[in-house]
Structure formats: structure tokens, C-alpha cells
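Heavy-atom basis, side chains included; hydrogens, waters and symmetry copies ignored.
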Amino acid sequence: MIDTKALRQEQREKSRLVIRHDAFFASFTPRFIAGADVGFEKSGTVTRAAIAVLQYPSLELVEYQVARIDTVLPYIPGLLSFREYPALIAAWQKLSLRPDLVMVDGQGIAHPRRFGIASHFGVLVDVPTIGVAKSRLCGEHALVGEVQGDRQPLMDHGEQIGVVLRSKKRCNPLYISLGHKISIDSAVFWVEQCMKGYKLPEPTRWADGIASNGSFFKQTTQKNL
DNA sequence: GCGACAG
DNA sequence: ATCTTGTCGC
């Protein structure tokens, strides 16, 4: 049986290690920004993680790695990170480059115990991370405007835990939250700097394509690798 | 007790 | 997350 009680307690303890301010980007520009995503195969028995590294500001793909491992845990709301971080770590260790910033598919501190996958991964590998989720896990927010760029703070018990951003017109908004070693304002800023007219920022879009769509490569004109 | 619930 | 092409709407 899964000791969910212990896992939640571990999240509460490790969440104290999350650094909620800019630790590296206050005064300079990142050179490599990565996107990370996780998918499943074989009826969910195999977990596949993909990390795509883009050069900034060109936003061109310079490297990507994929790792597959046996699935270690089923999906349990609030405990997603324990299910996905092992594969992410495996893909991370395959990289020859060291990204300056990583955008992770999922929540950062916009989590019941302020320790979503983006924060968990960021703390484990000690790298600045941003949580870029496609839906809400917790918190409340006012309706977001329809115009691209419109946003609303994501609040939980009087505390701002993220920003709900309309990254593209007629698309559901993105839930942005700080993962580790970055402020919420910088997190949103960098996500917007990586936008190219799609719902998802380029790093996440590439990781998504690599982790899920095999047709993503064929249809996307790109050099390298 | 009931509803919500990242991927 | 995953099963999956074409199709409706702006």
C-alpha cells in the first residue's frame, strides 16, 4: 500500500527548501531554457520523460533527451511529483548541457502544500524552475480577460500562489507558478519571453511534442539532432 | 458528508 | 496521462 500520509508530510517538510525569489536572473539573461514533460506508455506501466533545451533568445532547439523507467506510482492528485520526478531526473542526467532555467509541465508552489512537481524537481537538482500547468489544482481566481496577455492572480487562503495567464486568444489560460529560485513576476516574464504565438511557451511545447507526439518532429522544420 | 482534484 | 481523424467554429 502507498503511504500517502508520509508522502504529504515529506512535501510539507521539503517545501521549506523552496527559494521564492530570483537567485540567478535578477541581473542577467539565461542562455539555455529547457522544457520538461512526462508521458506514459504500455498502459501506464512505463513512464517517459522528455527535456528539450532551447537557446535564448533564438529559441532554437539545441538538445533533447528522453528517459523511460518503470512507473513507480499511480496518479494521485497532490502527489503527482512522486510519480513523475524519477523519470525527469533520469532525463536530466542524460543532458550534456546545463539549462539555466527549466519550465516544468505542472504546478510549482500552486499546490496544497506548496510543493508541486516544478518545485520538487527544482529543489532536487538545484536549478531555477517554473511551473507551467494547463489546469488548476488549487486556489481561486477572477475570470481572466479574453485578450492575449490578460492575467489574474491565483490566490489561496489570502496568499498569491501563481498567475493565471491568457497566453493565446480562444485558448484556456495557463497556470503559472514559481517552482524554485525565481520570483513569480520573473516566472511570468520568462514564460512570455518564450511565447511564439502558441498556447504553450516554446520550451514546454517542444518537450510536449517530444514526450507525446511522434509526428511533432516531421511537421516541425528544425535543424540539429 | 460532499465536491474538487496538476498529469 | 491515454484511446485518435476529421471536423466545426472563429
Side-chain angles (χ1 to χ4, degrees), chain A residues 2 4 7-8 10-11 14-15 18 35-52 66-91 102-124 129-141 145-148 154-157 161-180 184 187 191 197-201 203-205 207-216 218-219:
Chain A
I2 304 168
T4 57
L7 294 180
R8 291 192 177 82
E10 184 178 337
Q11 294 181 317
K14 289 187 174 176
S15 66
V18 174
D37 187 38
V38 176
F40 299 86
E41 304 175 348
K42 306 283 184 179
S43 304
T45 56
V46 172
T47 301
R48 174 191 56 224
I51 294 182
V66 177
R68 285 167 227 273
I69 64 170
D70 291 326
T71 296
V72 300
L73 202 70
Y75 168 66
I76 302 173
L79 298 180
L80 171 73
S81 66
F82 292 103
R83 169 175 163 82
E84 306 194 337
Y85 88 70
L88 282 177
I89 297 292
V102 184
M103 294 184 183
V104 182
D105 191 348
Q107 316 290 348
I109 63 168
H111 175 280
R113 291 164 292 286
R114 308 293 182 264
F115 205 61
I117 181 67
S119 296
H120 201 153
F121 178 72
V123 166
L124 289 179
T129 59
I130 296 173
V132 180
K134 294 181 287 297
S135 63
R136 183 193 70 90
L137 173 59
C138 68
E140 313 80 44
H141 64 86
E146 303 300 303
V147 180
Q148 173 186 111
L154 178 61
M155 307 294 292
D156 191 35
H157 295 92
I161 57 176
V163 168
V164 189
L165 175 73
R166 182 77 65 187
S167 57
K168 185 172 192 245
K169 202 170 183 179
R170 288 193 223 92
C171 284
N172 292 320
L174 254 31
Y175 289 75
I176 312 298
S177 59
L178 73 89
H180 188 48
I184 181 58
V191 165
Y198 296 94
K199 173 181 179 177
L200 299 174
T204 303
R205 202 169 75 81
D208 239 74
I210 295 170
S212 305
N213 309 314
S215 57
F216 187 78
K218 308 175 183 177
Q219 296 174 42

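- Nucleic acid contact class of A/K134 (heavy atoms, under 4.0 Å, all strands): sugar-phosphate only.
- Among the atoms of the strands shown, base atoms are found under 4.0 Å from some heavy atom of A/Y75.
- A donor atom on one side chain and an acceptor atom on the other are not found under 3.5 Å apart for A/T45 and A/T71.
- Between the side chain of A/S15 and the backbone N or O of A/F115, no donor-acceptor pair lies under 3.5 Å.
- No contact: A/L73 has no heavy atom under 4.0 Å from any strand.
- Between A/Y85 atom OH and B/dA6 atom C1' there is a gap of 17 Å when expressed in whole angstrom units.
- Here B/dG7 presents its P atom at 9 Å from CG of A/D37, a figure rounded to the nearest Å.
- Contacts of A/I76 with the nucleic acid, taken as non-hydrogen atoms under 4.0 Å apart, are absent.
- Distance alone, capped at 3.5 Å, places no donor-acceptor pair between the A/R48 side chain and the A/G39 backbone.
- Checking side-chain atoms of A/R166 against main-chain N and O of A/G145 turns up a donor-acceptor pair under 3.5 Å.
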Practice task
Step by step, work out the side-chain contact (heavy atoms from CB on, under 4.5 Å) result for A/T204 and A/D37.
Solution key: CA-CA 7 Å; A/T204 303; A/D37 187 38; 6.0 Å; no
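- Residue A/L79 contributes atom CG, which lies 11 Å from atom C1' of B/dC5 at whole-angstrom precision.
- Rounded to whole angstrom, the span from the CG atom of A/L80 across to the P atom of B/dA6 amounts to 9 Å.
- Between A/S81 and B/dA6 there is no side-chain N or O to OP1 or OP2 distance below 4.0 Å.
- Using modelled atom types, no side-chain atom of A/S119 and backbone atom of A/H180 make a donor-acceptor pair closer than 3.5 Å.
- B/dC5 atom P lies 13 Å from atom CG of A/D156, rounded to whole Å.
- Side-chain proximity of A/D105 to the nucleotides B/dA6, B/dC5, B/dG7 is greatest for B/dG7.
- In the 5' to 3' direction, nucleotides of DNA chain C lying under 4.0 Å from heavy atoms of chain A begin and end at C/dA1 to C/dC10.
- If you take CG of A/L88 and C1' of B/dA6, they are 13 Å apart, rounded to a whole angstrom.
- In this structure, A/R68 and A/T47 have side chains that are not in contact, with every pair of non-hydrogen atoms separated by 4.5 Å or more.
- The interatomic distance linking A/L200 (CG) with B/dA6 (P) rounds to 17 Å, in whole Å.
- Side-chain contact check for A/Y75 versus A/E84: every heavy-atom pair is 4.5 Å or farther apart.
- Under the 3.5 Å distance criterion, the side-chain polar atoms of A/Q11 are left unmatched by any main-chain donor or acceptor of A/S81.
- In this structure, A/H120 and A/Y85 have tilted ring planes: the angle between them lies in the 30° to 60° band.
- Across all strands shown, A/G39 has heavy atoms under 4.0 Å from sugar-phosphate atoms exclusively, and none from any base.
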Fill in the blank from the handout: Dot-bracket assigned to DNA chain B with the 3.5 Å Watson-Crick/G-U criterion, [ ] for crossing and | for other-strand pairs, is .......
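- Atoms CD (A/E140) and C1' (B/dC5) sit 14 Å apart, rounded to a whole Å.
- At a threshold of 4.0 angstrom between heavy atoms, the contacts of A/G131 with the nucleic acid are absent.
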